[in-house]
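First up is the structure itself, then whatever we jot down about it.
These numbers were taken from a predicted model, which means no experiment stands behind them.
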Amino acid sequence: MKTAKDYLDDANAVVTRIPTEEAIKLHGADDGIWIDVRDSSDIAKTGTIKGAQRLPRGFLEFAADPASPHQKDFMKPDSKYYLVCGAGGQAALAGKTLKDMGYTDVTNVGGVPDWKNAGGPVED
(Lines give C-alpha, C1' and ligand atoms only; values in the text may rest on other atoms or scores of the structure.)
Protein backbone atom coordinates (compact mmCIF):
# COMPACT_ATOMS: atom_id res chain seq x y z
CA MET A 1 0.00 0.00 0.00
CA LYS A 2 1.25 3.46 -0.87
CA THR A 3 1.35 5.80 2.13
CA ALA A 4 0.78 9.54 2.48
CA LYS A 5 4.55 9.90 2.94
CA ASP A 6 5.10 8.09 -0.37
CA TYR A 7 2.79 10.52 -2.16
CA LEU A 8 4.51 13.48 -0.54
CA ASP A 9 7.97 12.14 -1.39
CA ASP A 10 6.88 11.68 -5.02
CA ALA A 11 5.52 15.24 -5.13
CA ASN A 12 8.61 16.77 -3.55
CA ALA A 13 10.76 14.94 -6.10
CA VAL A 14 9.13 16.74 -9.03
CA VAL A 15 7.91 20.06 -7.60
CA THR A 16 10.62 22.54 -6.67
CA ARG A 17 10.22 24.17 -3.27
CA ILE A 18 11.86 27.52 -2.76
CA PRO A 19 12.71 29.27 0.52
CA THR A 20 10.14 31.77 1.77
CA GLU A 21 12.54 34.71 1.45
CA GLU A 22 13.16 33.87 -2.21
CA ALA A 23 9.42 33.56 -2.83
CA ILE A 24 8.81 37.00 -1.31
CA LYS A 25 11.40 38.51 -3.68
CA LEU A 26 9.66 36.84 -6.65
CA HIS A 27 6.20 38.04 -5.61
CA GLY A 28 5.15 40.61 -8.20
CA ALA A 29 8.50 40.40 -10.00
CA ASP A 30 7.23 38.24 -12.84
CA ASP A 31 3.93 37.20 -14.40
CA GLY A 32 3.56 34.15 -12.17
CA ILE A 33 0.16 33.23 -10.80
CA TRP A 34 0.00 32.69 -7.04
CA ILE A 35 -2.50 30.11 -5.81
CA ASP A 36 -3.55 29.21 -2.27
CA VAL A 37 -4.75 25.59 -2.39
CA ARG A 38 -6.26 25.54 1.11
CA ASP A 39 -9.98 25.40 1.86
CA SER A 40 -11.72 28.75 2.21
CA SER A 41 -12.22 28.25 5.97
CA ASP A 42 -8.45 28.03 6.48
CA ILE A 43 -7.89 31.12 4.35
CA ALA A 44 -10.54 32.99 6.36
CA LYS A 45 -8.63 32.22 9.57
CA THR A 46 -5.17 33.34 8.42
CA GLY A 47 -5.50 35.35 5.23
CA THR A 48 -3.39 34.54 2.21
CA ILE A 49 -0.65 35.90 0.00
CA LYS A 50 -1.60 39.24 -1.51
CA GLY A 51 -3.14 38.71 -4.95
CA ALA A 52 -3.28 34.92 -4.66
CA GLN A 53 -6.04 33.03 -6.41
CA ARG A 54 -8.02 30.76 -4.12
CA LEU A 55 -8.28 27.28 -5.55
CA PRO A 56 -8.92 24.43 -3.10
CA ARG A 57 -6.84 21.35 -3.76
CA GLY A 58 -9.99 19.22 -3.95
CA PHE A 59 -11.19 21.25 -6.95
CA LEU A 60 -7.81 21.59 -8.68
CA GLU A 61 -8.26 18.98 -11.41
CA PHE A 62 -11.58 20.49 -12.51
CA ALA A 63 -10.21 24.05 -12.53
CA ALA A 64 -7.03 23.04 -14.41
CA ASP A 65 -8.61 20.87 -17.11
CA PRO A 66 -9.38 22.87 -20.28
CA ALA A 67 -12.10 20.33 -21.14
CA SER A 68 -13.89 20.82 -17.82
CA PRO A 69 -16.90 23.13 -17.59
CA HIS A 70 -15.32 24.30 -14.30
CA GLN A 71 -11.97 25.29 -15.83
CA LYS A 72 -10.70 28.63 -14.50
CA ASP A 73 -9.47 31.27 -16.97
CA PHE A 74 -6.22 31.75 -15.05
CA MET A 75 -5.33 28.06 -15.38
CA LYS A 76 -3.24 27.59 -18.53
CA PRO A 77 -0.59 24.85 -18.85
CA ASP A 78 2.05 27.25 -20.18
CA SER A 79 1.78 29.81 -17.33
CA LYS A 80 4.02 30.02 -14.27
CA TYR A 81 2.48 29.02 -10.92
CA TYR A 82 3.47 29.53 -7.29
CA LEU A 83 1.51 27.34 -4.88
CA VAL A 84 1.02 27.89 -1.15
CA CYS A 85 -0.86 26.08 1.60
CA GLY A 86 -0.58 25.73 5.38
CA ALA A 87 2.87 24.15 5.59
CA GLY A 88 3.89 23.09 2.08
CA GLY A 89 2.50 19.55 1.83
CA GLN A 90 -0.74 20.34 0.04
CA ALA A 91 1.11 22.73 -2.29
CA ALA A 92 3.55 19.94 -3.21
CA LEU A 93 0.74 17.47 -3.88
CA ALA A 94 -1.21 20.05 -5.89
CA GLY A 95 1.93 20.88 -7.85
CA LYS A 96 2.48 17.22 -8.72
CA THR A 97 -1.11 16.99 -9.92
CA LEU A 98 -0.61 20.02 -12.15
CA LYS A 99 2.62 18.59 -13.56
CA ASP A 100 0.82 15.30 -14.24
CA MET A 101 -1.79 17.35 -16.14
CA GLY A 102 0.85 18.97 -18.36
CA TYR A 103 1.59 22.15 -16.43
CA THR A 104 5.34 22.65 -16.60
CA ASP A 105 6.29 25.65 -14.43
CA VAL A 106 5.03 24.94 -10.92
CA THR A 107 6.77 26.00 -7.69
CA ASN A 108 5.94 25.22 -4.06
CA VAL A 109 6.42 28.29 -1.85
CA GLY A 110 5.46 26.48 1.36
CA GLY A 111 3.06 27.71 3.99
CA VAL A 112 1.27 30.97 4.66
CA PRO A 113 2.48 31.10 8.30
CA ASP A 114 6.12 31.14 7.14
CA TRP A 115 5.24 33.77 4.52
CA LYS A 116 3.61 35.99 7.14
CA ASN A 117 6.44 35.51 9.64
CA ALA A 118 8.96 36.56 6.97
CA GLY A 119 7.01 39.75 6.23
CA GLY A 120 5.45 38.73 2.92
CA PRO A 121 2.44 40.79 1.76
CA VAL A 122 -0.92 39.34 2.79
CA GLU A 123 -4.61 39.99 2.39
CA ASP A 124 -7.80 38.67 3.99
In Å, rounded to the nearest 0.5 Å, how long is the span from [atom1] of [X] to [atom2] of [Y]?
X: E22; Y: T107; atom1: CD; atom2: OG1; result: 8.5 Å
X: T48; Y: Q53; atom1: OG1; atom2: CD; result: 10.0 Å
X: M75; Y: L60; atom1: CE; atom2: CG; result: 5.5 Å
X: D114; Y: E21; atom1: CG; atom2: CD; result: 8.5 Å
X: K80; Y: T104; atom1: NZ; atom2: OG1; result: 10.0 Å

Is a side-chain N or O of [X] found less than 3.5 angstrom from the main chain of [Y], in a donor-acceptor match?
X: H70; Y: F59; result: no
X: W115; Y: G110; result: no
X: Y81; Y: K76; result: yes

Any idea which heavy atoms bring [X] and [Y] closest together, and the distance?
X: V15; Y: G95; answer: CG2-C, 3.4 Å
X: P77; Y: G102; answer: CB-O, 3.9 Å
X: P66; Y: A64; answer: CD-O, 3.2 Å
X: P113; Y: C85; answer: CD-O, 4.5 Å
X: G111; Y: V84; answer: C-CG2, 3.8 Å
X: D39; Y: P56; answer: OD1-CB, 3.9 Å

Side chain to side chain contact (heavy atoms under 4.5 Å, CB included) partners for D31, two or more places apart: none
Could you tell me whether the side chains of [X] and [Y] share a donor-acceptor contact shorter than 3.5 Å?
X: Y82; Y: D30; value: yes
X: D6; Y: T3; value: yes
X: T46; Y: R38; value: yes

Check whether any side-chain heavy atom of [X] lies under 4.5 Å from a side-chain heavy atom of [Y], and answer yes or no.
X: K99; Y: V106; result: yes
X: N12; Y: R17; result: no
X: N108; Y: L83; result: no
X: D65; Y: E61; result: no
X: V122; Y: K116; result: yes
X: W34; Y: V109; result: yes

Hydrophobic cluster membership, with links at side-chain heavy-atom distances under 4.5 Å among I/L/V/M/F/W/Y: are [X] and [Y] in one?
X: F62; Y: I33; value: yes
X: I35; Y: L26; value: no
X: I43; Y: I49; value: no

Under a 4.0 Å threshold between the charged nitrogen and the carboxylate oxygen, would E123 count as salt-bridged to R54? yes
Using a strict threshold of under 4.0 Å (side-chain N to carboxylate O), is an ion pair present between D10 and K2? yes
Does Y7 sit in a hydrophobic cluster with other residues, and if so which ones, taking ILVMFWY side chains as linked at heavy-atom separations under 4.5 Å, directly or through other members? L8, L93
